[in-house]
2 protein chains.
Amino acid sequence: MATTLNDVARAAGVSRSTASRVLAGTKRNVDPALADRVFQASAELGYRTNAVARALRTQRTRMIGVVVPSLQNAYFANVVHSLSSEISDHGGGLLVAASEDQPEVERERLLGFRDSIVESLVVVPTSRVNSGPAINEVAESLPVVQLDRYADGVEAPYVGINNRLAVQLMVTHLRSRGYERLLFLGADEESSAGGERIEAFKVYKGSGDEIRVVPSFSVEAGRAAAIEIMEHSELPGAVVCSADVLAVGVFSTLQHQGVSIPEQVAVTGFDDTQLLELMTPALTTIRPPLPVMAKATIEALADLADGASRATVPAAAQRFDPGLITRFST
Amino acid sequence: MATTLNDVARAAGVSRSTASRVLAGTKRNVDPALADRVFQASAELGYRTNAVARALRTQRTRMIGVVVPSLQNAYFANVVHSLSSEISDHGGGLLVAASEDQPEVERERLLGFRDSIVESLVVVPTSRVNSGPAINEVAESLPVVQLDRYADGVEAPYVGINNRLAVQLMVTHLRSRGYERLLFLGADEESSAGGERIEAFKVYKGSGDEIRVVPSFSVEAGRAAAIEIMEHSELPGAVVCSADVLAVGVFSTLQHQGVSIPEQVAVTGFDDTQLLELMTPALTTIRPPLPVMAKATIEALADLADGASRATVPAAAQRFDPGLITRFST
DNA sequence: CTGAAAGCGCTTACAG
DNA sequence: CTGAAAGCGCTTACAG
């Protein structure tokens, strides 16, 4: 049906080899006159290289699978977006799937990718304790890197942020603005990042500060926490949330109750999603350097692919420094 | 390197044909004893079918490309999510790309997919007037369907919602609750859906109602509109927004200015994104039946693929009825 | 029911 | 610089 390389070669009066060399842009030199004829014939016939055939021959598909907990979560949407712009320059494609926060569906997506055209995988594990086995299984056949979160017992490389620095940045900022009695809202020990942030806050915690662990990274959990906060006789000076979704829940509930922010209490986020700009005033937050992280992830994948043949051991974990985004909630 | 079908066949002591028949699950019957040996050998060797080779042979990749204006927009994230769950049952994959609201990058993404492994395409055109040419170009080689929005001059099938009904539902609801002097906030004539909603409101517009067209579907535009609204001596009874992002901008700005919603003014959204649940109180909105639309989209793609051989003409446009989601902002 | 053979559409040593 | 040939890993008529 469709035009093939054979058709082009015939029309240009050259061999398939030559046609391939000019169309695929091989290094090899080709007589300019012949090349012209090939280009011409190709254009006239509306030739398109069959990507599948090429992939079979070259053993490269340049397709990367991505599994995130959810696409509807603004932060993960940002992660996918960064990955996407990183590889579109690279001439590859991104196959996206969501694990819906369930380890079983995560496993299904992972295995689905493993038996597909995908040649490597990036995963944001949904659960620190339960995501490991499926990731390891799939890592036997494909290069895999963990992004943003890691799962226990997995030796695949990890790219994340320096959560310790993030918390330090935020705490220092708040103290310098005179806020005291910080309330840190941690969540979801199931996620490695969540656990790390709680640990980090313990390091910088002052005597008047407090830590509360809520059941999940969700707006709902933030709302519930806000309601609980209001029941106390005294408001904290600042509510330091370990995720933007939490911050949004806290913020909108407090504001609706008539608490003025930042006058009566400061509220801060974590992740720098667009959600924060929906609030008035906009919230101070931590920005992970997503573009840099995406780049490192893709490179780690490439290293793994090479490593398979060169028997190199790639770096196990890379952490990048986040930035503090100061806005009007502090 | 990797185990191939040949290895399995040899280990099981059968021909490659037989091995293929049992592993690929062809209809053809195979002696159960042989089949067992094949399964066993396959398991022992850790055999994985090479998806690229299979695709080349069967001429099917089951990969669908999706181009949306942005992944960071909650509504499009929902669209992608629906598509994704529709096809993951189908045993296919979704390649995702964002056009960043620019027709030129949309064209680039579209062409990129056309020269890739993707076998069909769904696009949410970024511009009604400028997206057409690239879509038509790509539609020459691949089945393409337009989802949610359509571009002028494109004959590829379109799947969308009945915007007329949507507006009617909302207006009827507001009137039944006693709201008068409705202010309709329309936007972005560049998008077909935006234009349709404005036209629809004109149909149901009462004498005390008003239409304002803002420059874009964005939170910023909503904020600006809210500020303008506050400058008038009298507030409208309800602000009917033609997108959730607009509603969020209007809502959060009004609320921050001390206007109480819905007592002083009602605010409604359009799209049913999760954004609305971030607000307190949550907003009334219109819900497009995304799962149904995703299903229709995938089917339209399949029809197009068949049509290529059967010379059938598929339905040009399918519209689905949205629902009204009543919450506390009205 | 089974196997030998052809072929999907490319790219790339290899020989000239 | 160019072409004939091999081969990537499968599936599927075709013959038995």
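Numbered from 1 within each chain, the chains take letters A, B, ... in sequence-line order.
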Under-4.0 Å side-chain N/O to phosphate OP1/OP2 contact, [X] with [N]:
X	N	value
Thr18(B)	dG3(C)	yes
Gln59(A)	dG9(D)	yes
Ser15(B)	dT2(C)	no

Where the side chain of [X] is concerned, which of [options] is the nearest nucleotide?
X	options	answer
Ser20(A)	dC10(D), dT12(C), dT12(D)	dT12(C)
Val14(A)	dT2(C), dG3(D), dC10(D)	dG3(D)
Ser17(B)	dG7(C), dT12(D), dG9(D)	dT12(D)
Asn50(B)	dG3(D), dT2(C), dC10(D)	dC10(D)
Thr4(A)	dG9(C), dT2(D), dG3(C)	dG9(C)

Just by modelled atom types, is the [Y] backbone N or O under 3.5 Å from a matching donor or acceptor in the [X] side chain?
X	Y	answer
Asn136(B)	Gly153(B)	yes
Thr26(A)	Val22(A)	no
Asp7(B)	Thr4(B)	yes

Rounding to a whole Å, what distance do you find between [X]:[atom1] and [N]:[atom2]?
X	N	atom1	atom2	value
Asp7(A)	dC8(C)	CG	P	11 Å
Arg60(A)	dC10(C)	CZ	C1'	16 Å
Arg10(B)	dG9(D)	CZ	P	12 Å
Arg57(B)	dA13(D)	CZ	C1'	8 Å
Asp31(B)	dT2(C)	CG	P	5 Å
Glu119(A)	dC8(D)	CD	P	18 Å
Asp115(B)	dG9(C)	CG	P	16 Å
Leu23(A)	dC10(C)	CG	C1'	11 Å

P atoms of dC1(C) and dA5(C), separation to the nearest Å = 23 Å

What integer number of Å spans the P atoms of dC10(D) and dC14(D)?
-> 24 Å

Value rounded to 0.5 Å, distance of CZ in Arg128(A) from CD in Glu190(A) =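 Interatomic distance, Arg128(A) CZ to Glu190(A) CD, rounded to 0.5 Å: 10.5 Å.
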
Looking at CD of Glu106(A) and OG of Ser131(A), how far apart are the two atoms once the value is rounded to the nearest 0.5 Å?
->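 One gets 3.5 Å once the value is rounded to the nearest 0.5 Å.
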
Out of Glu119(B), Glu137(B), Glu108(B), which one pairs with Arg114(B) under the salt bridge (charged side-chain N to carboxylate O under 4.0 Å, His left out) rule?
->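 Only one of Glu119(B), Glu137(B), Glu108(B) forms a salt bridge (charged side-chain N to carboxylate O under 4.0 Å, His left out) with Arg114(B), namely Glu137(B).
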
Side chain to side chain, Thr126(B) and Val67(B), heavy atoms closer than 4.5 Å =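 With C-beta onward as the side chain, the pair stays apart.
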
Could you please name the partner base of dT2(D), counting Watson-Crick and G-U wobble pairs only when both distances are under 3.5 Å?
->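 Paired with dT2(D), as far as the under-3.5 Å criterion goes, is dA15(C).
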
Result for 5'-nearest mapping on DNA chain D, choosing between Thr26(B) and Leu56(B), is Leu56(B)

Quick one: label Arg48(A) by what it contacts on the DNA or RNA (base, sugar-phosphate, nothing), any heavy atom closer than 4.0 Å.
-> sugar-phosphate

Is the closest side-chain donor-acceptor distance between Tyr75(A) and Asp148(A) under 3.5 Å?
->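 Yes.
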
Between protein and nucleic acid, restricted to nucleotides 14-16 of chain C and to nitrogen or oxygen atoms under 3.5 Å apart, what atom pairs and distances do you find?
none

